[in-house]
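Proteins get letters first, then strands, A, B, ... in listed order; numbering begins at 1 in each.
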Amino acid sequence: MSLRILAPKPKPKRPSLLEICDGDLDPRQFYQLLSQAVTSGVFATDSVLSSKLLLRSLSRRRLEFSRAIFSQIQNPNNFACNFIFKAFCHSSSPQEALFHYNLVRRRFPHFLPDNYSFPFLFKACGRLSLPHKGQELHCLAIALGLETDVFVQNGLVSMYSACGMLHCARKVFDLLPVSVRDVVSWNSIVSGYVQSNRNWDALQMFDEMLAFTRPDNVTLVSALTACGKMGCLHLGRQIHGLVLARGFTLDVFLGSSLIDMYAKCGRMDEARKVFDRIRDKNVVCWTSMIAGYAQSRSFKDAIELFREMQLDGVEADAAMVACVISACGRSGALGHGRWVHTYCERIGFYTNISVKNALIDMYAKCGDIKRALEIFHDMSNRDVFTWTAMITGLAMNGDSVGALEVFTQMEASDVRPNEVAFLGILSACSHGGFVDKGFHYFRAMAGIYNLTPRIEHYGCMVDLLGRANLLNEAEKFIGAMPIQPDVVIWRSLLFACRTYGNIALAEFIAKKIEELEPREFESRVLLSNLYASASRWHEVSRMRKGTPREGAQKQPGCSLIEVDGLVHEFIVADCSHCQIDSIYEMLRGMNKVIRSERFD
DNA sequence: GTAGGGTTAG
């Protein structure tokens, strides 16, 4: 028997901090590694490990750690600096990127930003709308010889666009040699025009681009957005054709912008076809579709789709619920609205200001003004939409005095009323019969707030005078308007004529309306009713002769009712409801009761 | 030894 001498087991090598850093780490292990790095003085000696730790902190989205780690690094290299700029420029506090840039330049005079730094810094300037800081950095970039670096220059185009300085963005773009421009350069300038609502210029740039570069998904998204904003269905369809013919992938961005374009052009059927074809829909796709339905007043479809989304397991975000709440408000679906309200409180969207604004609007539109006021009073931060929703809501619910009070409070706050807020207050004056106050606010628009009254504001004033039986003043007011009066304005005065029985003026207005809308017969019907009430039967029959029995109605009337959480929609002469027979039976029964009551 | 720019809904 021989003795075998066993070789000693090799002692396992302890992995270095760098190796640990490269491996998979759960949060606890990461914190352990961080504390070891702090105690062993790594940040003073090992710039690579410091940088790697920074990178890991960023992937954990723990910016406070990134900031702490960066502050420990004694001599940060450009890599570490760029890293911190990048982390912050995309964060919720982009000013931190510029703060760190200033800090680094002060503390390390030898530090100079490089071609990697500038895009992040420009991004931060753009997001913060700091064109002066951007220009300062632009000068430095030129001094450093980066005027043909496509990344730096594209960053500049986007920065100037984001700051609303489109002429500068265009100049940077034009100065960039054609051989250097890439698809991102074109995308940046096209999207710049779209952001500034210069949609026609955006589409022209898009057209020009096609001669130089193949567009990508991002290009088409911007072009489609421009088409949507302009209601340009023809071009939108052509771009959709390009998507299909050239085999572009229908990603969520392209899908959402196609839905949005079709929805804004009133083609919900085509929007839905796109929606159904998107795989892995995100919350934006669902919102685009739901917003489209809400915008085309198909509230029932909007609310149903929201339910469907939840069954699909997609979580809503604040923007989505604000959109759904607004659909509930406009359809009068108070039950649904309440349910979404509870849902918001549960998920935690309730802190979001646009959600609260939507809730105020919804409760006010559904007649629960008490609840709307409660939410309004509980809010510590109010923006112009909050105030406007409350003023309009009170006016709508007949509380003109309340609306005037809230408007006064708004004027005392640091929020400036906009055109919509003035529509609210003018309609409050009109319904409350406050003629002098109405004129005061109408004059204040231009005089104090530098807002140009739009045709809707003039409409409110005509309504105000008409309701107050100041029909001749209303007519004079229309005559003095700097804009051409439209049918809405004339019709509102015609209604006032009917109320106060002014046949002579009504005849004059009906003529005006017929000139503007020769195929509409609503004014004739109104006028003939007016003749009837004055027993001028000859004129009544003259009016009716020229009026066709059918086709006089342009927009079908529509009403909705919510029963047990389901919204039922009825359009004039629509028999599609599954219980239409029992509904009519009930209506006939009710009519009978009403008639018998009347003759009792 | 390591990283980059532009885009969508409300």
Side-chain angles (χ1 to χ4, degrees), chain A residues 18-19 21-22 46-56 58-59 77-87 89-90 113-123 126 146 149-159 161-162 169 173 176 181-192 194-195 202 213 215-226 228 250-261 263-264 271 275 278 281-292 294-295 302 316-327 349 352-355 357-358 385:
Chain A
L18 192 62
E19 279 164 339
C21 193
D22 281 334
D46 193 336
S47 63
V48 173
L49 182 56
S50 309
S51 305
K52 284 209 164 186
L53 281 167
L54 252 184
L55 189 118
R56 299 227 51 148
L58 182 72
S59 67
N77 55 15
N78 267 45
F79 171 76
C81 293
N82 289 342
F83 218 88
I84 209 78
F85 301 155
K86 176 191 172 188
C89 84
H90 291 121
D114 58 18
N115 55 331
Y116 285 86
S117 327
F118 281 108
F120 303 132
L121 298 170
F122 289 143
K123 177 85 191 165
L146 292 170
D149 184 298
V150 70
F151 289 104
V152 173
Q153 298 304 312
N154 291 348
L156 271 167
V157 173
S158 309
M159 184 273 290
S161 300
F173 177 86
L176 197 59
R181 283 182 207 159
D182 65 2
V183 65
V184 179
S185 319
W186 286 97
N187 288 348
S188 304
I189 193 72
V190 172
S191 105
V194 177
Q195 279 169 50
T213 323
D216 64 4
N217 277 34
V218 177
T219 325
L220 300 189
V221 166
S222 291
L224 284 167
T225 309
L250 189 70
D251 62 9
V252 286
F253 290 105
L254 202 45
S256 306
S257 54
L258 273 168
I259 294 172
D260 184 52
M261 182 277 293
K264 286 205 168 82
F275 177 78
I278 306 173
K281 301 178 186 67
N282 69 359
V283 65
V284 180
C285 305
W286 288 90
T287 309
S288 313
M289 196 65 216
I290 291 173
Q295 199 184 291
D317 66 0
M320 153 71 83
V321 293
C323 170
V324 173
I325 292 168
S326 144
F349 293 142
N352 184 289
I353 192 163
S354 19
V355 170
N357 293 348
F385 300 105

#### Entry: Closest contact, heavy atoms only, F151(A) versus P119(A)
O-CG, 4.0 Å
### Message
Any base atoms under 4.0 Å from S326(A), or only sugar-phosphate, or nothing? Heavy atoms, all strands.
### Response
nothing
### Message
In this structure, how many angstroms lie between the P atom of dA9(B) and the CE atom of M289(A), rounded?
### Response
16 Å
### Message
Between C1' on dA9(B) and CE on M261(A), what's the gap in Å once rounded to a whole number?
### Response
15 Å
### Query
Does the side chain of S185(A) pick up a donor-acceptor pair with the side chain of D182(A) at under 3.5 Å?
yes
### Query
For residues D260(A) and S257(A), is any side-chain donor paired with an opposing acceptor at under 3.5 Å?
no
### Message
Are more than 12 heavy atoms, taken from residues, nucleotides or ligands other than F173(A), located less than 6.0 Å from that residue's CZ atom?
### Response
yes
#### Entry: Nucleic acid footprint by protein, nucleotides 2-7 of chain B - heavy-atom cut-off 4.0 Å, B for base, S for sugar-phosphate alone
BBBBBB
### Query
On the ring face of F120(A), is K123(A) found with NZ or CZ under 6.0 Å from the centre and within 45° of the axis?
no
